[in-house]
Enquirer: 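Handing you a structure now.
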Amino acid sequence: QVQLVESGGGLVQPGGSLRVSCAAYGTGFSWYVMAWYRQAPGKQREMVATITPGSSTSYTDSVKGRFTISRDNAKNVVYLQMNTLKPEDTAVYYCNAYHMSTLRNYWGPGTQVTVSS
């Protein structure tokens, strides 16, 4: 069992940057694949980025070159650095944890990111 808490969301202008964080409370953080998802009003939730325990990463095409996911296993925290933000990036961003051994999936409550002039 793990509890996830996102932070760092807010209002930013187009072209600006923002970093959201996800703190994981529990044991075995190093055995989780971590991910960021987002959901905009009227649209389905989509995967934004993933990072394995060995720090291998993947991204959806629309954010490649702009977003960077990283993790600090000592602090049990995963980050999403978002650069060159666009209005289309506006969404609630959710943290996700997948345990490689138990195959259990966990979600945070989400943090709002709004990109607007």
Enquirer: Can you run down the ring pair (Phe, Tyr, Trp, His ring centres under 6.0 Å) pairs that involve residues 14-33, sequence neighbours left out, and say none if there aren't any?
Expert: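 Ring pair (Phe, Tyr, Trp, His ring centres under 6.0 Å) check on residues 14-33 returns Tyr32-His99.
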Enquirer: Nearest 0.5 angstrom please: Thr68 OG1 to Arg19 CZ, how far?
Expert: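 Here the rounded value is 11.5 Å.
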Enquirer: Work out which heavy atom in Thr90 is nearest to a heavy atom in Ala40; give both atom names and the distance.
Expert: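 Closest pair (atom of Thr90, atom of Ala40, distance): O-CB, 3.6 Å.
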Enquirer: Using residues 79-88 as the side-chain source, report each donor-acceptor pair under 3.5 Å to any protein atom, sequence neighbours left out, with the distance given to one decimal.
Expert:
from	atom 1	to	atom 2	distance (Å)
Gln81	NE2	Asn83	OD1	3.0
Asn83	OD1	Ser17	OG	2.9

Enquirer: Could you grab the distance from atom CG of Asn96 to atom CD of Glu6, nearest 0.5 Å is fine?
Expert: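 Asn96 CG to Glu6 CD: 10.0 Å, rounded to 0.5 Å.
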Enquirer: Is it true that a side-chain atom of Arg71 and a backbone atom of Val33 form a donor plus acceptor pair closer than 3.5 Å?
Expert: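 Judged by distance alone, no pair lies under 3.5 Å.
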Enquirer: Is there a side-chain contact between Arg104 and Val2, using heavy atoms and a 4.5 Å cut-off?
Expert: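 Not touching, per the 4.5 Å side-chain cut-off.
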Enquirer: Taking atom types as modelled and ignoring hydrogens, do the side chains of Thr50 and Ser58 form a donor-acceptor contact shorter than 3.5 angstrom?
Expert: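 Thr50 vs Ser58: donor-acceptor pair found between side chains.
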Enquirer: More than 12 heavy atoms of other residues, nucleotides or ligands under 6.0 Å from CD of Gln13: yes or no?
Expert: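 No, CD of Gln13 has 12 or fewer neighbouring heavy atoms, counting only those of other groups under 6.0 Å.
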Enquirer: If you group Ile, Leu, Val, Met, Phe, Trp and Tyr by side-chain heavy-atom gaps below 4.5 Å, do Val113 and Val77 land in one group?
Expert: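 Different clusters.
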Enquirer: What distance do Gln44 atom CD and Gln39 atom CD have between them, rounded to the nearest 0.5 Å?
Expert: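 With rounding to 0.5 Å, CD (Gln44) is 8.5 Å from CD (Gln39).
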Enquirer: With a 4.5 Å cut-off on side-chain heavy atoms, are Tyr94 and Thr111 touching?
Expert: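 SC-SC contact between Thr111 and Tyr94 ruled out.
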Enquirer: Assigning hydrophobic clusters by single linkage (Ile, Leu, Val, Met, Phe, Trp, Tyr; side-chain heavy-atom cutoff under 4.5 Å), is Val20 placed with Val63?
Expert: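 Same cluster: Val20 reaches Val63 through Ile, Leu, Val, Met, Phe, Trp or Tyr contacts under 4.5 Å.
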Enquirer: Can Ile51 be reached from Trp36 by stepping across I, L, V, M, F, W or Y side chains whose heavy atoms are under 4.5 Å apart?
Expert: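 Looking at the clustering, Ile51 is in the same group as Trp36.
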Enquirer: Taking everything shown except Met47 itself, do over 12 heavy atoms lie less than 6.0 Å from its CE?
Expert: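 More than 12 within 6.0 Å, yes.
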Enquirer: With side chain to side chain contact (heavy atoms under 4.5 Å, CB included) as the test, would you mind laying out the steps for Tyr59 and Arg66 before giving the verdict?
Expert: CA-CA 10 Å; Tyr59 301 90; Arg66 299 190 297 122; over 6 Å; no
Enquirer: Over 60° means perpendicular and under 30° means parallel, so classify the ring planes of Phe67 and Tyr93, tilted if in between.
Expert: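 Geometry flag for Phe67 against Tyr93: tilted rings.
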Enquirer: Nearest 0.5 Å, what's the CE-CD1 distance between Met34 and Ile69?
Expert: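 Atom-to-atom, Met34:CE and Ile69:CD1 are 7.5 Å apart.
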Enquirer: Determine the minimum heavy-atom distance between Leu4 and Ala24, stating which atoms define it.
Expert: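 It is CD2-CB, 3.8 Å.
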Enquirer: To the closest 0.5 Å, what do you measure between OG (Ser116) and CG (Asp89)?
Expert: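 One gets 12.5 Å once the value is rounded to the nearest 0.5 Å.
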